[in-house]
Amino acid sequence: MGYAYYPGCSLHGTAKEYDMSSRACLDFLGIEYRELPDWSCCGASSAHSVDHTLAVSLPARNLILAEQMNLPLMTPCTACYSRLRGAHHALRSDPGLARKVLTALGSEYKGRYEPLSILDVLYQYGPEAVGEKVTKKLKELKVACYYGCLLLRPPEYADFDDPENPGKMERLVETTGARAVDWPHRTECCGASLSLSDTKLVVSLATFIVDMAARHGAECIVTACPMCQANLDMRQRGRTKLPVYYVTELLGLAFGLEPKRLGLTTHMVNAMGLLRAKQLA
Amino acid sequence: MIRIGVFVCWCGSNIAGTVDVGKVAEESAKMPGVVHVEQNKYTCSDPGQDSIRKAIKEHRLDRVVVAACSPRMHEMTFRKCAASAGLNQYLVEMANIREHCSWVHSDMSVATPKAVDIVRRAVAKVKRSVPLFPSTIPVEKRALVIGGGIAGIQAALDIAEAGYEVTIVEREPTIGGRMAQLDKTFPTLDCSSCILTPKMVDAASHPGIRILTCSEVEDISGYVGNFQVRLRKRARSIDEARCTACGICISKCPTSRDSEFNMGLGTRKAIYMPFPQAVPNKPTIDREICRHFTEGKCGICQKVCPSGAVDFSQEDQVLNEKFGAVVAATGATQFSVEAYGEYGYGRYPDVITGLELERLISSTGPTDGKIRRPSDGRIPRTVVFIKCVGSRDENKGYPYCSKACCMYTAKHAILLKEKIPGASAYVFYMDVRAGGKDYEEFYQRSQEIGTRYVRGRVSRIYPLDGKLIVQGEDTLLGQRVEVEADLVVLAAAMVPQIDAPEMARKLGISYNQYGFFSEAHPKLRPVETNTAGVFLAGTCQGPKDIPETVAQASAAAVKVISLFAKSELTTNPNVASVDESLCSGCLWCMNVCPYKAIEEKIITERAGKETVTRSVASVNTGLCQGCGACTVACRDGAMNLLGFTNEQILAEVEALCL
Amino acid sequence: MNDLREQLREAVASAFSQGRVRSFVCLEKGFYPFASIPAILHSGSEADRVQLGLSDAPLLAKYLLDAPKPAGIVVRQCDALGVSRLIRDRRVKREDLYIVSVSCPGVVDTAKIPVSPYQITALENAGDALLVHTALGRTELPWASVLLDRCLSCVSGSASPDADVVLEGEKEKLPAPVDYSGIDKVEHMTPDERYAMWEKEFAKCIRCFACRNACPACSCRKCSLDLAEPEWLSPAVTLPEQFMFHFTRAYHVAGRCVGCGECERACPVGLPLMKLNRKFTRDIETLFGVDDARIPRDVEVLGTFLPDDPEEFC
Amino acid sequence: MSLDWQPKIVGFTCNWCSYAGADLAGTSRMSYPASVRIIRVPCSGRINPVFVIRAFQRGADGVLVAGCHPGDCHYSTGNMYARRRFQVARRFMEYLGMDPARLEIHWISASEGQKFQEVIRNMTDRIRAMGPNRKMREIL
């Protein structure tokens, strides 16, 4: 048993450190995975605003490739997660569309495995089991877990956790010894899809989210989404700047992995300063 | 020998103007079995009916076809007419040559052959008709009212006033229901308990009403006029006859838990009365938490009771009783607002529901009528009300409108201003629905005193620096709104009791997709159900407010009274009937029947040398309404519908297609 | 293979000796040396007659109606479906049955063997192939090419778990999907072509009722089609009456057909009866689904409804 | 086929809605072709699909099955069963080669006299264009 690993485009570009830290964590935990050979774009986020059939077909190709490997498909990127699960859902619930898409792709799809997020995979591994592998406790680190939209909405298929009051990421992060602060804006939209077209709006959203995290006592933000990370990291304009980490970066750190190997040196808001101040890196 | 008489009606020129009546009579005479044909100007007139009676006697007719108007018009007339001539009234069949023929055609050459076909159909059918006899069933003139809320109390009082015995079964230790929890009632703002408690006392002291509290219905069988009901009266652990309700036991009891009556905002003891005016005014021991029962220790209440009324050894009582009619008044409950994670109910103590606010306003409530925040007891200055929580929302709740929330929210806003002068109230709403006498005026009043109505929904509530930040959208202004509130009140929808489907199954009635009991007809039979003798009152049928509930309860009571006014019930003989020799006993028919009129019957018969038992379907003619759905479900052809038999319908098809 | 037969024989014998059954429905050797016919055993001493049924094994479920109760029965998956059909139709009671389920590699259809049955001296299951022995020698045929049609759409070759005794053999047939292509073909015809096709087929029907008698879903004590009054079906063998007959038969098993295909196998003139039954099966599945949680398991799909059923009438 | 040929349509109607709807068409003098002959049954749930085949067998050119609108059944659920039964039975009749236009199922309420008129008019027009039914029909 293992997983087919689908990095998606972001992890080859703006979120390279997510890719690095994800692979590092999976390797460290001994979770088997193989990068999906010949994977193609999942279509996010342009396809589904243009053509539903296309929006299902693009991820369907990757789902089929994984099914042919007889492995569940897993991705760190939440946009890919959303698109893959949306397509999986559509193929199973809309026979007419399924026929059209699968005829075009010239293949069949049974949908034996649900596509997963890397957080699902870590959950299948088990938070306790993850905790046991922690060698360096991230004590004193106060973290605001930030889910954004794509992991939780629409809840018909993007159902990683309760859409309004999630808590799974907190549980995972707390295995490292860090303390997850209780803050209400965990599922707020960061505005990523307007990042380039309406930057002013996005700056206000991102700044608000980071400010709220800070007001609730957080020293940093943790996310599992390349869009959220990039957006919050780049667009926050508040008085206090909070570094924005990927879950896998913090986990990797707690596993005692090299910060460089985790990509921690590539952030916009200095990601190392806080860690050094806390003597965690 | 079959001797059919056909009576063709002219209906003045109504039929004769378009149909060649003479030709129809001529053709009818040729139909097999027809021995007498006659034409009448107006068959339904006295002379017309006389001629039928005369012909039945003179020509020894054993079947009659009246070719005239719609059976929906005059079938009863001619049945009675035939009966008066000594013919079984179900041996009369009508051929509708007016509404279905002469009135819709103008060309006689087209209408006449059609009329002949229609008569041929009727002749073919009546040939296969058999005499049917309505049976009568006795009526047990005692009513069972399930639920002791305002609906049950009102229905019971009305029925008892008419002189019939009523039993109210209530599962809580007191009657009163939801209305007892309310502080004031809209739109008059009179105090709820001031108008309710006298009725509770009336019910308790009425000689015709018996109140069983801590009691539940376990099983109902039988049919209209003759319901067998098994009731369980849970042990109260108090000898009601001895108890004087002095309350010493309650004050000395060392154990307590959240008070259900106060919606968890206060506590009550293990031996308790839900509220001071409870009826019956006797305490109850909650065996789940009472130390005597949980630990085997304690017994203080027994020690301090001056009249020796505490009885730990009391046991549940099972009562088997017979009733003639049942009124279901089981009420509704409050939507679980936890489903709205974004409102934070359960996480933020100052987010409460409407019913909880009622308890905070009520002078018998946990705060003695002072509105205080549950978190720190402070008096709130800014209160946000959110409407349609669980209603009109298919995603998280139910699509229906909960009906009473608009008005009770308006009431809350008014009461808030009364209790806390200078406080401000915001109401987030989708629409304001104030249809009802004096309702719109009441809503206007809540606006006039300064309540700010914001049209839009709330997307998130979060605590910040001791306040609750309510984020939402004002869709009229197209703007985001943020209110710093001290208290948030959710207008939770009325939803069916969790065990409503179970109760419906016991009663043999249907319920809608949400669990509200279904009335027999949404317009014309609003308090009846598909099961004869079972009636509905109050919110078990759908969300409603107090005036509507009371009106419906009285309507249900009238239905019960008119049922009891008869000494016997006559049953419709057009019911399903089983040919046991054909029935294989698969009992598909049982699932299809909307009236629970089909049951399994074990019969014994000889098969070769052995005596074998097997099960067959059996129709309870008291319950069967004659829809015939079972006949089509029956593959064996064992199930038939008297008056509309398979033989008759197949013969009609044949006659029409010739 | 023989091991399984031995286990089966023991199971039958011990069911009698423990007093669990008064009779046992199973297969025994038939006229041909290789084919099996149904048998109802009445004592443990007859247990030696029990066969697994390599070829042409009929379904046994219906014989339960005639077996003294409590009755034992040997079932494959297909038979298990038939038995559960009879239980749901309340024609037999589960507590009156002693079910021995066996796994099944599929059953050979001798009609698919290109050798006259009179020449066959023995058949042998050789894993992936069937060995056909004749006086002249031996022929080897691929296993899948000689199976009964019902085995080609078998839900599972393993033994049915809802049984009193479960016997697993070494090899079992893999489940296969139902093939609806024949139905698609008919659906794509014009109404006139369809009518012509069925007219041609039904013209062959001799109204022998073998389809009805073989069907585990057709178990009424007295078939309504045999009644003189009302005359649902005229005894006249005219084409319109054939349509009436085949419509009624298929409609009565609609939603209840277990897909065993025994009707088709029993038909002496080779009517494609499963094309009728499966049409209903598929339509019912697409229209109403089969697994709506709101419908209790023991309710038949045409004996219930949901308020939000598809609406195509106006 | 001559234009004045009148098809024979057998209409099975429930007593409470559709039969009353036909009555209303009559009391409102809404004329329609004299093609339809009505058989009154208590409820659309009483209509056995086999009755429909029998009608075609004996010479009907069309069959109308009519009941209360779903949700309005006098017996609350009869038309729900009818809906399930006839959705599959009609597909099956078509599968046997019956022309789909010859069997129509409609929900006609007691207030829809006009709808009854339209249904009969349209059905008659369609069947008239197709000519007499020959399928499943006894030679008479």
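Using a 4.5 Å cut-off between heavy atoms, D:V50 makes no contact with chain B at all. The part of B:N14 that comes within reach of chain D is its side chain, from C-beta onward, which places non-hydrogen atoms under 4.5 angstrom from that chain. Both the backbone and the side chain of D:R40 come within contact range of chain B, each with at least one heavy atom under 4.5 Å from a heavy atom of that chain. The parts of D:T27 that come within reach of chain B are both its backbone and its side chain, each placing non-hydrogen atoms under 4.5 angstrom from that chain. When heavy atoms are compared at a cutoff of 4.5 Å, D:V41 approaches chain B by way of both its backbone and its side chain. Residue B:A111 does not touch chain D at all, counting heavy-atom pairs closer than 4.5 Å.
Counting non-hydrogen atoms of neighbouring residues, nucleotides and ligands closer than 6.0 angstrom, the NZ atom of B:K596 exceeds 12 such neighbours.
In this structure, B:E654 CD and D:Q57 CD are separated by 8.5 Å, a value rounded to the nearest 0.5 Å. Separating the OH atom in D:Y75 from the SG atom in B:C624 is a distance of 9.0 Å, to the nearest 0.5 Å. Rounding to the nearest 0.5 Å gives a distance of 13.0 Å between CZ of D:R29 and NE2 of B:H105. In this structure, the separation between OG on D:S76 and CD on B:Q625 is 10.5 Å, given to the nearest 0.5 Å.
The minimum heavy-atom distance linking B:V632 with D:P49 is given by the pair CG1-CD, 4.0 Å. Minimum interatomic distance between B:V653 and D:A55 (heavy atoms only, all atoms of both residues): CG1-CA, 3.5 Å. Summarising the geometry of B:K114 relative to D:A34, their closest heavy-atom pair is CD-CB, 4.0 Å, with the distance given to 0.1 Å. B:C627 approaches D:C43 most closely through the heavy-atom pair O-CB, 3.5 Å.
Here the side chains of B:L641 and D:P42 are in contact, with some heavy-atom distance below 4.5 Å. With contacts defined as side-chain heavy-atom distances shorter than 4.5 Å, the pair D:I39/B:L656 qualifies. D:Y81 has its side chain within reach of B:V592: a pair of non-hydrogen atoms, C-beta onward, lies under 4.5 Å apart. Under the 4.5 Å side-chain criterion, counting only non-hydrogen atoms from C-beta, D:R37 is not in contact with B:E652.
With chain B as the partner, the residue from D:V36, D:V10, D:D72, D:I38 showing the most heavy-atom pairs under 4.5 Å is D:I38. Interface check for chain D: of the options B:N96, B:I649, B:N646, B:I118, the most heavy-atom pairs under 4.5 Å are formed by B:I649. For the set B:T631, B:D107, B:L650, the count of heavy-atom pairs under 4.5 angstrom toward chain D peaks at B:T631.
Each ring pair (Phe, Tyr, Trp, His ring centres under 6.0 Å) pair with one or both residues in residues 115-134 of chain D, not counting sequence neighbours, appears once here: D:Y32-D:F116.
Residues of residues 12-25 of chain D lying under 4.5 angstrom from chain B, judged on non-hydrogen atoms, are D:F12, D:N15, D:W16, D:Y19, D:A20, D:A22, D:D23, D:A25 by number.
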